[in-house]
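What follows is a set of notes on a single structure, which appears directly below.
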Amino acid sequence: MKILMVCLGNICRSPLAEGILQNKLIKNSLDVSVDSAATSDYHVGDKPDSRSISKAAECGIDITAQRGRQIQNSDFQKFDRIFVMDTSNYSNTVALTNKLKEINKVELILNLINPGSNQSVPDPYFGGKDGFKNVYRLLDAACNVIIKQIKNEQS
Ligand code: 4NP
């Protein structure tokens, strides 16, 4: 099983999502891989935003080795589930394929917590530290659901 986290820049939200899920997968000894990517090419090759790095570090998670990359069509073959942070990421991601089987891999991550609500993880890039705290809280809750689902599938 391979999971991809997607946002606009791959420097704020999806690197946190990758780090949080990776941490939980290791803690639960689950053999699942996680990666993250951007819909844009704005920050290809960049480290995560320093505010995401700090928030993750506060929670004992090191995301400094991550580098920004842009999602590409081949990701639809490589990954089983593709979690997007907001509705704009959703449109931009599904626009990369016309195969229904691949479109069905794409899910709004907050639908894990509130099914069918189609809520977005707010983009914290232009705000302050509190935005990152909120993003962490939402992603942590969503990743707990992913872990539960994987455990259910494997039992
Ligand atoms: P992210 O946040 O999508 O959570 O990584 C953003 C990062 C950069 C930009 C926008 C959002 N930007 O416009 O450069």
Side-chain angles (χ1 to χ4, degrees), residues 1-26 32-97 102-147 149-150:
M1 155 92 92
K2 287 183 164 41
I3 294 175
L4 184 65
M5 302 293 191
V6 174
C7 64
L8 173 61
N10 192 208
I11 57 166
C12 297
R13 292 166 291 176
S14 60
L16 267 180
E18 178 184 338
I20 292 167
L21 185 60
Q22 177 78 71
N23 188 253
K24 292 182 192 295
L25 289 167
I26 292 168
V32 170
S33 67
V34 58
D35 190 11
S36 64
T39 54
S40 76
D41 62 0
Y42 305 157
H43 294 280
V44 171
D46 291 356
K47 266 193 187 177
D49 187 284
S50 59
R51 296 164 294 178
S52 282
I53 291 177
S54 304
K55 186 64 214 170
E58 253 177 53
C59 303
I61 299 172
D62 181 3
I63 60 168
T64 57
Q66 292 187 35
R67 294 295 179 269
R69 75 169 181 93
Q70 190 172 23
I71 187 173
Q72 49 194 36
N73 184 270
S74 58
D75 287 316
F76 285 98
Q77 289 93 60
K78 285 189 196 142
F79 291 91
D80 304 292
R81 299 183 79 177
I82 300 174
F83 290 106
V84 296
M85 301 296 129
D86 64 35
T87 51
S88 157
N89 306 153
Y90 184 87
S91 316
N92 291 328
T93 299
V94 299
L96 296 173
T97 177
E102 295 181 351
I103 289 171
N104 286 339
K105 293 182 178 187
V106 186
E107 306 169 60
L108 273 165
I109 194 162
L110 292 188
N111 277 350
L112 291 167
I113 315 176
N114 294 310
S117 65
N118 295 342
Q119 285 169 337
S120 294
V121 179
D123 185 344
Y125 186 62
F126 294 106
K129 251 178 98 176
D130 278 358
F132 286 78
K133 196 172 156 189
N134 184 43
V135 166
Y136 189 96
R137 184 182 59 81
L138 292 169
L139 293 177
D140 189 64
C143 288
N144 283 338
V145 178
I146 298 175
I147 296 289
Q149 290 181 348
I150 295 169

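Counting convention: from 1, in listed order, for ligands and their atoms alike. Since the model is a prediction, treat every value here as computed from it, not as a measurement. Sequential numbering from 1 along the given sequence is applied to the chain's residues.
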Rounded to the nearest 0.5 angstrom, the CG-CZ distance for L4 and F83 is 10.5 Å
* Say whether, by atom type as modelled, one donor and one acceptor occur between the side chain of S40 and the main chain of Y42 under 3.5 angstrom. => yes
C12 heavy atoms within 4.0 Å reach ligand 1 at atoms 1 (P), 2 (O), 4 (O), 5 (O)
- Query: Would D86 and N89 satisfy side-chain hydrogen bond (donor to acceptor under 3.5 Å, both in side chains), going step by step from the backbone distance to the final call?
  - Reply: CA-CA 5 Å; D86 64 35; N89 306 153; 3.1 Å; yes
Near L8 (heavy-atom distance under 4.0 Å), the atoms of ligand 1 are 3 (O), 10 (C), 11 (C)
| message | Between ligand 1 and Y42, is the shortest N or O to N or O distance under 3.5 Å? | response | no
For ligand 1 and F126, I'd like to know whether there is a polar contact (N/O to N/O, distance under 3.5 Å). no
- Check whether any side-chain heavy atom of I147 lies under 4.5 Å from a side-chain heavy atom of L21, and answer yes or no. yes
shortest atom 12 (N) of ligand 1-to-protein heavy-atom contact is with Y125 CE2, 3.5 Å
among protein heavy atoms, the one nearest atom 11 (C) of ligand 1 is D123 OD2, 3.1 Å
Residue, atom and distance of the protein heavy atom nearest atom 1 (P) of ligand 1 read C7 SG, 3.4 Å
Original post:
Do K55's NZ or CZ and the ring of F132 fall within the cation-pi criteria of under 6.0 Å and 45°?
Top reply: no
N10 and S36 have their tightest heavy-atom pair at ND2-OG, 2.9 Å
Criterion side-chain contact (heavy atoms from CB on, under 4.5 Å) on F79 and D35, from CA distance to verdict
CA-CA 9 Å; F79 291 91; D35 190 11; 3.7 Å; yes
Here the gap from Y90 atom OH to T39 atom OG1, rounded to the nearest 0.5 Å, amounts to 14.5 Å
**Asked** Can you check whether H43 has an N/O within less than 3.5 Å of an N/O in ligand 1?
**Response** yes
Open item on the list: Looking only at distances, can you tell me whether any N or O atom of I11, backbone or side chain, sits closer than 3.5 Å to an N or O atom of ligand 1?
Closed with: yes
Compute the shortest N/O to N/O distance between G9 and ligand 1 and return yes if it is under 3.5 Å, no if not. yes
Short version for D49: what comes under 4.0 Å of ligand 1, heavy atoms counted, is neither
